[in-house]
Amino acid sequence: MVQQKAEPVANSMVPVVRRIQTDKPYVFITMDDGAIKDPDAQKLIQASGTHPVLFLNQKYVKGHEAYFKAILDSSGATLGDHTIDHPDLRGKPFEFQRKEICDDADDFQRELGQRPSLFRPPFGVYDQTTLRAAATCGMRAAVLWSASVNDGNVQFQVGDKLRPGDIVLMHFRKTFTEDYNAFLAQAKKDGLTPVPLPDFLG
Ligand SMILES: [Zn+2]
């Protein structure tokens, strides 16, 4: 048998995380894309102290840096990488994927003063190339989700309530206020406290 050498770091892949293993009553909220800039978002997030991760696309942030910077600076939110243009990355060449992910992080570092280290693939779809490209761009994990909020309703992948460790997805949409309040109400009903996701991804 020929012993395999360890993969060099350049070929490493980020781990895929769908939910956090914890027996504590914790839940995580993530907010994606950035298409609609609800003027109440900052106030709502700040007031409830949920420490969301914002997985944003540069195409939606461009020209609206002050809006997102205000949320990040006031609420303990964390910035995440979600690519420049929100493409389906599956099957795309390494260099295409690397550019989508790295340029998003580079741009946010320059324009928002915070470099993301968590990545969410658009549509939650990815391949092995995505995970390698994300590692090359300095990402620590590809973060998916285990529940989502749409049109003011929390939708569960399993059962009919939020479970400890669930990662919840919502979007910057015109229903932002309804979606956010639905998440808060559901977390409270299920006895869960929203806490910062980066603390659980070493
Ligand atoms: Zn998205």
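All ligand and atom numbering here is 1-based and tracks the order in the structure. Heavy-atom basis, side chains included; hydrogens, waters and symmetry copies ignored. Note that this is a predicted model, so its numbers are computed, not measured.
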TODO: Just jot down the ring pair (Phe, Tyr, Trp, His ring centres under 6.0 Å) partners of His86, sequence neighbours excluded, or say none.
DONE: His82, Phe123
TODO: With the side chain counted from C-beta on, respond yes when Thr136 and Phe94 share a heavy-atom pair under 4.5 Å apart, and no when they do not.
DONE: yes
TODO: Starting from the Zn ion (ligand 1), count all protein N, O or S atoms within a radius below 2.8 Å.
DONE: 3
Task: Carboxylate-amine/guanidinium contact Arg120 Asp81, below 4.0 Å - done: no
- [ ] Decide if atom CD of Glu95 counts as having more than 12 heavy atoms of other residues, nucleotides or ligands within a radius under 6.0 Å.
- [x] yes
Open item on the list: With a 4.0 Å cut-off on N to O distance, would you call Asp127 and Arg90 a salt bridge?
Closed with: no
- [ ] Flag the pair Gln157 / Trp145 as yes when at least one side-chain heavy-atom distance between them is below 4.5 Å, and no otherwise.
- [x] yes
